[in-house]
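Note sheet for the following structure.
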Amino acid sequence: MARRKKIYEGKAKTLFEGPEPGTIVQYFKDDATAFNAEKKDVIEGKGVLNNMLSEFFMNGLTNIGVPNHFIRRLNMREQLVRACEIVPLEVIVRNFAAGSISKRLGIEEGTPLPRPIIEYSYKDDALGDPLVPEEYIAAFGWASQQDMDDIVSLALRVNDFLSGVMFGVGIKLIDFKIEVGRVYEGDYQRLIVADEISPDSCRLWDIESGQKLDKDVFRRDLGSLTDAYSEVAKRLGVMPKGATPMTKPTLIN
């Protein structure tokens, strides 16, 4: 049987029509990109790990009452998610200085921030996803003030959950980014966490050694990305110790 109709292909995932109305199949690729896709590679097993880890985190959010688009995992590389209208922003939450904020402000990486800092970037690959202030978001109609209040609340709840889970397995949550989607129930709009939560979208450092367990391993040529993601999965119990992730793509008809 032919694969379902492709809706969208991004750098790390491909979206297909779901088997039921209002659903989408999200396929996790092995492609790795950095520096606005200037650096590219294919890392065997990355898609499998991100699928499993995103399932773990989304289920955890559901269990504490944080709404998100995840329905269920279909196989090693695909999951069924709720269709939603994506707000054209990446919501970045920073607990420690790293990456671009260190470069912009001259703060040493790893410096604790006075409180979690939330930033927004406009989702546009051609522009390099530029940072935007809330004034831009309101002026261009990307989100209302009520939306922004809800987005901040969602982001901080995700931060509390992820920080606690990671700390429990000896990992420091440096920062992360999420996307937010709109769903409609009659005339009522609700905002939910969408896209994925995985080491692709987080900075994760080992608490004791400072070893990086996220996509900075690929960005900075620090070793095996699959090994880093596998370590996160093993600590969280998503993948048994000693297991090797399946790398052969599994398709859904």
Side-chain angles (χ1 to χ4, degrees), residues 7-8 10 12-13 15 18 20-24 26 54-72 79-97 99-101 104-105 113-166 173-198 200-203:
I7 300 171
Y8 170 81
K13 292 184 297 298
L15 305 182
E20 300 114 22
T23 65
I24 290 173
Q26 187 165 254
S54 195
E55 174 194 21
F56 173 85
F57 293 127
M58 292 295 185
N59 277 335
L61 291 177
T62 298
N63 290 338
I64 63 168
V66 177
N68 61 82
H69 73 162
F70 182 79
I71 299 173
R72 65 180 182 274
Q79 54 185 233
L80 187 68
V81 300
R82 185 173 180 180
C84 58
E85 176 189 314
I86 296 293
V87 177
L89 301 169
E90 289 184 343
V91 183
I92 305 158
V93 182
R94 299 183 183 275
N95 298 308
F96 299 84
S100 62
I101 195 171
R104 292 198 311 269
L105 303 180
L113 299 173
R115 60 177 178 81
I117 292 176
I118 299 179
E119 298 178 325
Y120 309 94
S121 66
Y122 178 55
K123 281 179 57 62
D124 189 310
D125 288 342
L127 298 175
D129 299 330
L131 286 178
V132 291
E134 286 194 27
E135 180 67 19
Y136 286 21
I137 296 168
F140 293 112
W142 298 327
S144 68
Q145 186 56 58
Q146 182 60 58
D147 288 339
M148 293 307 300
D149 292 344
D150 292 343
I151 287 170
V152 169
S153 177
L154 277 176
L156 291 177
R157 291 177 72 190
V158 173
N159 188 42
D160 287 344
F161 168 72
L162 290 180
S163 295
V165 169
M166 291 302 183
L173 179 66
I174 302 299
D175 58 37
F176 67 93
K177 64 182 178 182
I178 57 171
E179 293 186 17
V180 174
R182 293 186 179 97
V183 293
Y184 298 90
E185 295 160 356
D187 294 332
Y188 176 69
Q189 173 198 284
R190 189 162 61 119
L191 295 180
I192 63 175
V193 179
D195 192 43
E196 69 176 292
I197 300 176
S198 74
D200 266 10
S201 58
C202 304
R203 277 194 174 89

Can you measure from [atom1] ([X]) to [atom2] ([Y]) and round to the nearest 0.5 angstrom?
X      : Y      : atom1 : atom2 : answer
Leu61  : His69  : CG    : NE2   : 10.0 Å
Ile151 : Leu89  : CD1   : CG    : 6.0 Å
Met148 : Leu191 : CE    : CG    : 10.0 Å
Asp124 : Asp129 : CG    : CG    : 7.0 Å
Leu154 : Ile192 : CG    : CD1   : 9.5 Å
Ile7   : Leu15  : CD1   : CG    : 6.0 Å

Answer whether the closest heavy-atom distance between the side chains of [X] and [Y] falls below 4.5 Å.
X      : Y      : value
Cys84  : Val180 : no
Ile24  : Tyr8   : no
Arg94  : Ser100 : yes
Val91  : Tyr120 : yes
Val132 : Phe140 : no
Tyr136 : Tyr122 : no
Val81  : Met58  : no
Gln79  : Arg72  : no

- Under the side-chain contact (heavy atoms from CB on, under 4.5 Å) criterion, do Ile64 and Phe161 qualify, and how do the steps go? CA-CA 9 Å; Ile64 63 168; Phe161 168 72; 3.7 Å; yes

- Message: Test side-chain contact (heavy atoms from CB on, under 4.5 Å) on Val158 and Asn68; report intermediate values, then the result.
- Response: CA-CA 11 Å; Val158 173; Asn68 61 82; over 6 Å; no

- Message: Using the rule given for side-chain contact (heavy atoms from CB on, under 4.5 Å), can you reason through Leu162 versus Phe57, listing the C-alpha separation, both sets of side-chain angles and the distance that settles it, and then say yes or no?
- Response: CA-CA 8 Å; Leu162 290 180; Phe57 293 127; 3.6 Å; yes

If you look at every heavy atom in [X] and [Y], which pair is closest and at what distance?
X      : Y      : answer
Phe70  : Glu55  : CZ-CG, 3.4 Å
Trp142 : Val87  : O-CG1, 3.8 Å
Ala194 : Ile86  : CB-CD1, 3.7 Å
Cys202 : Leu173 : CB-CD1, 4.3 Å
Val93  : Pro116 : CG1-CB, 4.3 Å
Gly65  : Arg157 : O-NH2, 3.3 Å

Look at the side chain of [X] and the backbone N and O of [Y], then say whether any donor-acceptor pair between them is shorter than 3.5 Å.
X      : Y      : value
Ser163 : Asp160 : no
Ser121 : Pro130 : no
Asn159 : Ala155 : no

- Query: Around atom CZ of Arg104, are there more than 12 heavy atoms of other residues, nucleotides or ligands at under 6.0 Å?
  - Reply: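 Yes, the 6.0 Å shell around CZ holds more than 12 heavy atoms from other groups.
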
- Under the side-chain contact (heavy atoms from CB on, under 4.5 Å) rule, collect the residues that match up with Glu135, sequence neighbours excluded.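 side-chain contact (heavy atoms from CB on, under 4.5 Å) list for Glu135, sorted by chain: empty.
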
- Task: Could you please spell out the steps behind the side-chain contact (heavy atoms from CB on, under 4.5 Å) verdict for Ile101 and Glu119?
- Result: CA-CA 10 Å; Ile101 195 171; Glu119 298 178 325; 4.2 Å; yes

- Message: With a 4.0 Å cut-off on N to O distance, would you call Lys13 and Asp195 a salt bridge?
- Response: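 Salt bridge flag = yes for Asp195 with Lys13.
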
- Can you list the residues that meet the side-chain hydrogen bond (donor to acceptor under 3.5 Å, both in side chains) rule with Arg182, with sequence neighbours excluded?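 So Arg182 forms a side-chain hydrogen bond (donor to acceptor under 3.5 Å, both in side chains) with Glu85, Asp147, Gln189.
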
- Query: By ring-ring contact (aromatic ring centres under 6.0 Å, His included), which residues pair with Phe96, not counting sequence neighbours?
  - Reply: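 Result, ring-ring contact (aromatic ring centres under 6.0 Å, His included) vs Phe96: none returned.
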
